[in-house]
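Note that the numbering runs from 1 along the sequence shown for the chain. The structure displayed is predicted, hence computed values, not measured ones. Atoms within a ligand are numbered from 1 in the order they appear, just like the ligands themselves.
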Amino acid sequence: MTQVAAIIGGGVIGGGWAARFLLMGWDVRVFDPDPEAQRKIGEVIDNARRSLPGLSDVALPPEGTLQFHDTISDAVADATWIQESVPERLELKRKVFQTVQSHCAHDAVIGSSTSGFKPSQLQGCATRPDQIIVTHPFNPVYLLPLVELVGTSQNPDAFLDRAKAVLTGLGMYPLQVRAEIDAHIADRFLEAVWREALWLIKDGIATTQEIDDAIRYGFGLRWAQMGLFETYRIAGGEAGMRHFIEQFGPALAWPWTKLMDVPELTEDLIAQIAGQSDAQSGQYSIRDLERARDDNLVTILRGLKAQNWGAGALLNRHDAAVEGAIVLPDDLSHPIVTVKRAIPLDWTDYNGHMNEARYLQAFGDATDRMMILVGCDADYIAAGQSYFTAETHIRHLGEAKAGAVIRITTQVLQGQGKKMHLFHQMFAGDQLIATGEHMMIHVSLQTRRACLPSTSLAQTLGRIAAAHAALPRPAGVGKAVGVKG
Ligand SMILES: NC(=O)C1=CN([C@@H]2O[C@H](COP(=O)(O)OP(=O)(O)OC[C@H]3O[C@@H](n4cnc5c(N)ncnc54)[C@H](O)[C@@H]3O)[C@@H](O)[C@H]2O)C=CC1
Ligand SMILES: C[N+](C)(C)CC(=O)CC(=O)[O-]
């Protein structure tokens with residue numbers, strides 16, 4: 001039977017919870033007095049629909065149903081999970097819990113999204129304190145897995161385990177906080193960084209942009225994949241965490257921060273940190289960790305590159321500067337070099353070589369380059385015409401591993417009328433490792449049908465095709481898939 005979640009307060013965070021529950025197959029009931037709540041939550045859910053399912057390589061369960069209610073009592077009636085996300089005011093949250101508990105099932109979980117209140121504060125004057133816990137998520141709730149789970153001695157272990165299982169089932173990472181504390185674990189860091197940032201601005205040291213750049217081009221990327229301690233273990237080199245503390249320990253007494261209330265680095269504290277770090281990461285050598293870090297960073301940075309955002313946009317600008325202007329070579333008596341690049345780490349697979357899908361990607365890039373060279377560039381496409389691929393045939397003749405430099409040369413076999421028939425050859429060093437034969441059809445992007453290209457494009461393509469007609473016909477042209485001999 002479909003499970004029911006009640007969302008009490010559907011703003012930034014409640015909307016995110018609604019989206020996550022819904023897309024994970026739960027029926028969702030919302031109560032929020034804001035007359036705009038339905039529109040706002042609808043928009044958040046639309047954004048979640050375009051991003052969350054694509055994180056999975058399997059189909060998510062069918063979406064649940066979404067209902068809005070005028071009272072808390074209706075919203076919570078059948079719910080097994082009630083997520084409170086009303087504004088961060090203790091008295092308001094306590095009042096909401098009173099109403100919720102008058103109408104909800106006694107065994108339902110009541111999770112609070114509170115950023116900083118302790119569960120004992122929330123349980124304070126509740127009818128059934130054992131039913132209330134902190135489940136503090138991170139924005140956007142539908143994409144970020146972390147949820148801090150904080151209970152008190154009032155919450156039975158089995159209840160906390162059940163809550164954890166539900167959150168895990170929603171694709172989240174419940175981090176159970178051992179002892180309640182204002183602002184839990186993560187908001188302690190965010191608050192420290194936030195307060196430092198406010199000082200940097202007030203003191204005229206940095207702008208908001210410069211502070212954000214300091215994070216997103218540097219340690220923000222590291223934190224995304226290894227956190228603080230594993231990162232600093234690596235920064236300690238082969239001598240690891242202990243060496244790191246020895247080197248940077250004295251800085252704790254220096255005015256490197258406005259937060260000067262620091263713990264004394266006693267031998268006991270050092271041993272505790274070094275010991276915990278060993279337990280966390282000691283099974284890996286520093287070189288293993290460095291490679292894992294590098295793989296992760298490459299994946300994150302390439303993701304940002306695909307979005308042309310932040311550090312990824314920087315990489316794209318750098319690529320463009322390294323490559324220079326894209327121009328058709330004067331000498332057309334050879335196939336044209338359309339791609340020259342190293343194979344990225346994330347293009348390789350379980351066989352230790354470039355995955356077959358990436359051959360098509362590389363040949364697709366070569367085709368894109370040919371399109372630009374014949375004049376089918378961004379402006380031409382924006383004006384309403386382009387090429388569609390009608391047919392592709394790839395032959396795999398050799399292997400290529402991560403880091404290997406591949407070079408693709410492109411021969412135009414036919415460039416007349418609506419057709420652009422290309423033959424790509426991929427080399428690693430001198431070895432031919434793949435060929436790609438592609439038939440492109442010139443189209444109108446309005447009608448989505450074939451049409452003749454512009455005169456200028458037809459002339460450029462015709463000139464290349466005429467020059468390439470003098471080249472030997474490459475082996476493999478026009479071959480179908482078949483058994484040799
Ligand atoms: N915004 C953030 O980055 C994060 C916020 N949180 C926590 O989530 C909770 C909600 O914060 P936001 O979503 O940011 O606030 P918000 O202001 O975006 O949303 C609060 C919603 O609660 C509704 N509301 C007000 N009184 C209500 C009541 N009596 N019953 C039901 N709904 C009511 C409002 O109409 C509004 O839609 C807070 O406890 C906050 O600390 C947690 C993680 C991150
Ligand atoms: C600023 N904040 C305290 C509301 C932040 C959070 O609670 C978590 C988040 O999503 O950053």
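- Rounding to the nearest 0.5 angstrom, the gap separating the CZ atom in Arg242 from the CG atom in Asp278 is 9.0 Å.
- When each atom of ligand 1 is checked for a heavy atom of Lys93 under 4.0 Å away, the hits are 38 (C), 39 (O).
- Atom-to-atom distance recorded for Lys40:NZ and Ile45:CD1 is 14.0 Å, nearest 0.5 angstrom.
- With hydrogens and angles disregarded, no donor-acceptor distance shorter than 3.5 Å links the side chain of Lys340 to the backbone of Ile406.
- Of the protein's heavy atoms, Ser85 O, 3.7 Å lies nearest to atom 20 (C) of ligand 1.
- Nearest protein heavy-atom contact of atom 19 (O) of ligand 1 is Gly11 CA, 3.3 Å.
- Given atom 33 (C) of ligand 1, the protein heavy atom at minimum distance is Pro33 CD, 3.4 Å.
- The closest protein non-hydrogen atom to atom 36 (C) of ligand 1 is Asp32 OD2, 3.4 Å.
- Scanning the protein heavy atoms around atom 7 (C) of ligand 1, the nearest turns out to be Ser113 O, 3.3 Å.
- Ion pairing of Arg49 with Glu63 is present here, as a side-chain N (NZ or NE/NH1/NH2) and a carboxylate O approach within less than 4.0 Å.
- The closest protein non-hydrogen atom to atom 18 (O) of ligand 1 is Val12 N, 3.0 Å.
- Geometrically, Arg162 does not engage Trp81 in a cation-pi contact, judged by NZ or CZ lying under 6.0 Å from the ring centre and within 45° of the ring axis.
- Taking the six-membered ring where the residue is Trp, Trp256 and Phe248 present tilted rings, their angle falling between 30° and 60°.
- Taking all heavy atoms of Pro137, Pro87, Ser115 into account, the minimum distance to atom 24 (N) of ligand 1 is reached by Pro87.
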Where do Glu191 and Arg188 land on the salt bridge (Lys or Arg N to Asp or Glu O under 4.0 Å) test, with the steps shown first? CA-CA 5 Å; Glu191 231 6 73; Arg188 294 239 138 191; over 6 Å; no

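- Residue Leu190 touches ligand 2 through its side chain alone, judged by heavy-atom distances below 4.0 Å.
- Between Asp203 and Lys258, the closest side-chain pair of non-hydrogen atoms falls below 4.5 Å.
- Taking a 6.0 Å sphere around CH2 of Trp254, one finds it holds more than 12 heavy atoms contributed by other residues, nucleotides or ligands.
- Scanning the protein heavy atoms around atom 4 (C) of ligand 2, the nearest turns out to be Ser115 OG, 3.4 Å.
- Side-chain atoms of Asn155 do not come within 3.5 Å of backbone N or O of Gly151 as any donor-acceptor pair.
- The proximity of Ile72 to ligand 1, defined as any non-hydrogen pair under 4.0 Å, does not occur for either the backbone or the side chain.
- With respect to the salt-bridge test (charged N to carboxylate O, under 4.0 angstrom), the residues Arg291 and Asp288 qualify.
- The presence of a protein heavy atom under 4.0 Å from atom 15 (O) of ligand 1 is ruled out.
- Neither the backbone nor the side chain of Glu88 has any atom closer than 4.0 Å to an atom of ligand 2 (non-hydrogen atoms only).
- When each atom of ligand 1 is checked for a heavy atom of Phe31 under 4.0 Å away, the hits are 30 (N), 31 (C).
- Not a single N or O atom of Phe138, backbone or side chain, sits closer than 3.5 Å to an N or O atom of ligand 1.
- Relative orientation of the His424 and His438 rings is tilted, given thresholds of 30° and 60° on the angle between their planes.
- Given atom 3 (C) of ligand 2, the protein heavy atom at minimum distance is Asp187 OD2, 3.4 Å.
- Heavy atoms of Glu84 stay at 4.0 angstrom or farther from ligand 1.
- Note: Gln307 CD to Arg302 CZ = 13.0 Å, rounded to the nearest 0.5 Å.
- Around atom 3 (O) of ligand 1, the closest heavy atom drawn from Asn139, Thr114, Leu144 belongs to Asn139.
- Given atom 9 (C) of ligand 1, the protein heavy atom at minimum distance is Val86 O, 3.4 Å.
- Residue Ile13 has at least one N or O atom closer than 3.5 Å to an N or O atom of ligand 1.
- More than 12 heavy atoms of other residues, nucleotides or ligands shown are found within 6.0 angstrom of CZ on Phe219.
- Given atom 9 (C) of ligand 2, the protein heavy atom at minimum distance is Phe138 CD2, 3.5 Å.
- Within the structure, the closest approach of His136 to ligand 2 falls below 4.0 Å when heavy atoms are considered.
- Close contacts of ligand 1 with His136, meaning ligand atoms under 4.0 Å from a residue heavy atom, involve 42 (C), 43 (C).
- The 12-atom threshold is not exceeded at CZ of Phe189, counting heavy atoms of other residues, nucleotides or ligands nearer than 6.0 Å.
- By the definition of a contact as any protein heavy atom under 4.0 Å away, atom 1 (C) of ligand 2 is not in contact.
- Side-chain atoms of Glu148 come within 3.5 Å of backbone atoms of Ile185 as a donor-acceptor pair (strictly under, hydrogens ignored).
- Summary of contacts: the protein heavy atom closest to atom 29 (N) of ligand 1 is Leu92 CD1, 3.7 Å.
- Residue contacts with ligand 2, taken as heavy atom pairs separated by less than 4.0 Å, involve Asn139 via backbone and side-chain atoms alike.
- Set against the non-hydrogen atoms of Asp34, the atoms of ligand 1 under 4.0 Å away are 35 (O).
- Distances from atom 39 (O) of ligand 1 to the protein include at least one heavy-atom value under 4.0 Å.
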